[in-house]
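Below: one structure, written as structure tokens.
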Amino acid sequence: MPNILVVEDSPTMRQLISFAMKRISNSKVVEATDGVDALKKLSSEKVDLILADINMPVMDGLKLVSLVRGNPIYKDIPVIIITTEGAEEDKKKAIAIGANAYLPKPIQTQELIKLVNSFIGG
Amino acid sequence: MDRETSIIKKADEFLQIFKKGEEFTQELLKENEKLRFRVAQLEETIERSGDEGKVRLYEERIKSVEGELNSLKERYKQVEEENKDFAAKYVEVEEENNNLANLYVASYQLHSTLDFNEVLKIVLEIVINLIGAEKFAVLLMEEKTNELVPVATEGIALADIPKARFGEGIAGNVAKEGESYFSGDIHRESFSADEPIVCIPLKIKEHVIGVIAIYSLLTQKEKFSNIDYELFSLLAGHAATAIFSSRLYTQSERKLTTIQSFLDLLKEKPRR
């Protein structure tokens, strides 16, 4: 059962993504409200995929990606960035830091599910 | 002499009879030969006509098999078409399902709290994340002054949004008519607080309590989809009731606190 960590400060968006992820067969969703909360969840749960927003309080998504990539335990976990920042340079920056994919908001649920499946092999 | 002549005569007669017999036998043999030939011919005809029947039978069989094959091919085509239709319908249903899930989450969130500021925050979240708006404002109707007053903004300062008089300008007219406004140019370069690209009335039945004015969209948002229009109508209804009830609740809470404080003050024993 793949474990998906959804890191998003907006409760609406978090619920929306989680709702979509729960529809992927056999997947479990863990929610975090920011980067720091995500690191806490990572230390207590085995995570197979991270879906993270960029603009979040306390710790943003890019900082989270760089910390995940710098940690030998979490460095191989794929990260998908879901953000309102749709510019090409924002995407390049996120990919350079270590994000595996970049999805600008507003997201199409089908597109997100397809992308997630390509990482967790659903 | 007479006896000799009679014997010769009889012998001649016998020879003639014998010759006739021979001729008759010859004729019978010929006739027999003809009949044998005819029988052989008839047998051959019967045999040949038997093969033709078989050929005809096989031909008919082939024709019917070919017919069956054609009808199967036709059915296969039909099934293939039906499959394509089902696949397209599946994608459509899946999309509809996703849209409904989005609408469910949005309305669930809108009615999850009675805190006025929290409801406004949720409205902003929905407009940013689900519609893809970059700059927008929520303006609520002030009954006393008959004006639309900005109460929340995203991407622009609250101070940059002027109040709008009921029935005047785009926002004022949307509030008056209760109908959404969509500009033809949704990717306008310049920003004007008086000219939103989209303006949605917040309605409780026919009563407009405010509007959502969108001034610009995220760069990646190229056009409005069907789900956007559904979200607009959801916002027009659910956001309006959520905002209205939370505002009433917050006001009544405030009044209750004031009355409670007043009562506490009255209950206090007078100081000597």
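Chain naming here is simple, since letters A, B, ... match the order of the sequence lines and numbering starts at 1 in each.
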Per-residue contact mode, Leu124(B) against chain A (heavy atom under 4.5 angstrom): neither
Exceeds 12 heavy-atom contacts within 6.0 angstrom, atom OH of Tyr108(B): no
Considering all heavy atoms, the nearest Gln109(B)-Gln15(A) contact: NE2-OE1, 2.6 Å
Partner residues of Gln78(B) under the side-chain hydrogen bond (donor to acceptor under 3.5 Å, both in side chains) criterion, sequence neighbours left out: Arg75(B)
Over 12 non-hydrogen atoms of neighbours within 6.0 angstrom of OH in Tyr181(B): yes
Nearest atoms (heavy-atom pairs only) where Glu125(B) meets Ser10(A): OE1-OG, 2.9 Å
Asn129(B) vs Thr12(A) side-chain heavy atoms within contact, under 4.5 Å: no
Glu94(B) atom CD: more than 12 heavy-atom contacts under 6.0 Å: yes
Chain B interface, residue from Gly86(A), Ala87(A), Pro11(A) that has the most non-hydrogen pairs under 4.5 Å: Pro11(A)
Nearest-0.5 Å distance, CG of residue Leu16(A) to CD1 of residue Ile126(B): 9.5 Å
More than 12 heavy atoms from other groups under 6.0 Å of CD on Gln110(A): yes
Greater than 12 external heavy atoms within 6.0 Å of Tyr229(B)'s OH: yes
Contact summary for Gln220(B) and Lys105(A), nearest pair of heavy atoms: NE2-O, 2.7 Å
Side chains of Thr84(A) and Ile128(B) in contact at under 4.5 Å (non-hydrogen atoms): yes
Tyr74(A) atom OH: more than 12 heavy-atom contacts under 6.0 Å: yes
Gap between atom OG1 of Thr219(B) and atom CD of Glu85(A) - 0.5 Å precision: 8.5 Å
Residue Leu130(B) versus chain A: region with a heavy atom under 4.5 Å: both
Atom of Gly132(B), atom of Pro106(A) and distance for their closest heavy-atom approach: CA-CD, 3.7 Å
Distance in Å, Asn98(B) CG paired with Glu111(A) CD, rounded so as to fall on 0.5 Å steps: 11.5 Å
Chain B contact via Ser18(A) - side chain, backbone, both or neither, heavy atoms under 4.5 Å: neither
